[in-house]
Amino acid sequence: MSIGLKQVFNKDKTFRPKRKFDPGTQRFELHKRAQASLTSGVDLKATVQLPIGEDLNDWVAVHVVDFFNRINLIYGTVCDFCTERTCPIMSGGPKYEYRWQDDNRYKKPTALPAPQYMNLLMDWIEVQINNEHIFPTSVGVPFPKNFLQICKKILCRLFRVFVHVYIHHFDRIIMMGAEAHVNTCYKHFYYFVTELNLVDRKELEPLKEMSAQMCQ
């Protein structure tokens, strides 16, 4: 990342502290391998493929945490311009509106301003990835049987952040000279979720034309 982008994507802009992997663990090694591939100029399509002999759950866990950290960072750069006045509903243009639902306060899908939706989303994901019963960090502790289903929901909701940023705030990304970085992050995310079939194709519709051009 260039010095300019480092200044744009600085730690003060993140919504939440980064979730990290403990050195010496298998997941830390997988994380290092994935990061090395990203910075080496290797074809992104190839980097997302499950390495031979590696566990699918471990591979997905590493990427879910990494995407959460990076998408959180991307939204953090535009969140000052994403307000209840500018974005009174969480949407991706006039065709797509995203409503929030959880197991706590919002039992039914509820229309919310984009910044409120984003806060709830990041809080919700943070709870998931910091839950040892869902994302275990101790060696030998198994993932829950529904782990991939949980990750599919997380990734589906993270995709909505890309939709909102690209459709409503990409002008700010361009003004900061950060579009190449955001595009690379998106391509990595898109290749990963389509390679492993982790996000329903219907959910990818809002950015279908852009994805077809960018991720040929």
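Worth knowing before you read on, the calculation uses all heavy atoms, side chains too, and leaves out hydrogens, waters and symmetry mates.
- Cluster annotation: Leu56 and Phe135 are assigned to the same hydrophobic cluster (Ile/Leu/Val/Met/Phe/Trp/Tyr, side-chain heavy-atom contacts under 4.5 Å, transitive).
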Worksheet item: Under the side chain to side chain contact (heavy atoms under 4.5 Å, CB included) criterion, do Trp124 and Asn119 qualify, and how do the steps go?
Response: CA-CA 8 Å; Trp124 176 79; Asn119 270 299; over 6 Å; no
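- Here the SG-CE distance, from Cys215 to Met210, works out to 7.0 Å after rounding to the nearest 0.5 Å.
- Checked by atom type and distance alone, the side chain of Asn183 pairs as donor or acceptor with a backbone atom of Glu179 at under 3.5 Å.
- In this model, a donor atom of one side chain and an acceptor atom of the other lie less than 3.5 Å apart for Asp102 and Trp100.
- Residues Trp59 and Val48 come closest through the heavy atom pair NE1-O, 3.0 Å.
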Item to complete: Give the intermediate values and the outcome of side chain to side chain contact (heavy atoms under 4.5 Å, CB included) for residues Cys185 and Ile74.
Response: CA-CA 9 Å; Cys185 183; Ile74 288 169; 3.8 Å; yes
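- Scanning both residues, Ala111 and Glu97, for their nearest heavy atoms gives CB-OE2, 3.4 Å.
- Closest approach of His164 to Cys87, counting heavy atoms only: NE2-SG, 3.6 Å.
- In summary, the aromatic rings of His188 and Phe67 are positioned with their centroids under 6.0 Å apart.
- No path of Ile, Leu, Val, Met, Phe, Trp and Tyr side chains, each step under 4.5 Å between heavy atoms, connects Ile89 with Leu121, placing them in separate hydrophobic clusters.
- The side-chain heavy atoms of Pro115 and Cys82, taken from C-beta on, include a pair separated by under 4.5 Å.
- A distance of 6.0 Å separates CG of Asn197 from NZ of Lys152, quoted to the nearest 0.5 Å.
- Both Ile125 and Tyr106 sit in one connected hydrophobic cluster of ILVMFWY residues. Membership requires side-chain heavy atoms under 4.5 Å apart, directly or through other members.
- With sequence neighbours excluded, no residue forms a salt bridge (Lys or Arg N to Asp or Glu O under 4.0 Å) with Arg172.
- With hydrogens and angles ignored, the 3.5 Å screen pairs no side-chain donor or acceptor of Thr184 with any backbone N or O of Val182.
- Linking Ile, Leu, Val, Met, Phe, Trp and Tyr residues whenever their side-chain heavy atoms come within less than 4.5 Å places Met214 and Leu207 in a single cluster.
- The minimum heavy-atom distance linking Ile167 with Gly93 is given by the pair CG2-N, 3.5 Å.
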Donor-acceptor pairs under 3.5 Å, side chain of residues 155-163 to any protein atom, not counting sequence neighbours: which ones?
from, atom 1, to, atom 2, distance (Å)
Arg157, NH2, Gln101, O, 2.7
Arg160, NH1, Tyr117, OH, 3.1
Arg160, NH2, Glu203, OE2, 3.2

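- For the residue pair Tyr190 and Leu204, the shortest heavy atom distance occurs at CE1-CD1, 4.1 Å.
- Remark: the backbone N or O of Glu126 is paired with a side-chain donor or acceptor of Asn130 at under 3.5 angstrom.
- With no hydrogens or angles considered, no side-chain donor-acceptor pair links His169 and Thr86 at under 3.5 Å.
- Formation of a donor-acceptor pair under 3.5 Å by the Asp55 side chain with backbone atoms of Asp58 is found in this model.
- The structure places CD1 of Ile71 at 10.0 Å from CE of Met118, a figure rounded to the nearest 0.5 Å.
- Using a 3.5 Å distance cut-off with no hydrogens or angles, the side chains of Tyr191 and Thr47 do not pair a donor with an acceptor.
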Worksheet item: Is there a side chain to side chain contact (heavy atoms under 4.5 Å, CB included) between Gln116 and Met90 once you walk through the steps?
Response: CA-CA 9 Å; Gln116 187 179 350; Met90 174 60 181; over 6 Å; no
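- Rounded to the nearest 0.5 Å, atoms NZ (Lys208) and NZ (Lys202) are 12.5 Å apart.
- Taking hydrophobic clusters as Ile, Leu, Val, Met, Phe, Trp and Tyr residues chained together by side-chain heavy-atom distances below 4.5 Å, Tyr166 does not share a cluster with Phe81.
- Using bins of under 30°, 30° to 60° and over 60° for the plane-to-plane angle, the ring pair Phe189/Tyr186 lands in the parallel bin.
- Annotation: side chain to side chain contact (heavy atoms under 4.5 Å, CB included) contacts of Gln49 (sequence neighbours excluded): Glu195.
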Discussion item. Would Leu112 and Tyr98 count as a side chain to side chain contact (heavy atoms under 4.5 Å, CB included) here? Give the steps.
Written reply: CA-CA 8 Å; Leu112 296 172; Tyr98 300 118; over 6 Å; no
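- Scanning all heavy atoms of the two residues, the minimum distance from Phe192 to Leu198 falls at CE2-CD1, 3.5 Å.
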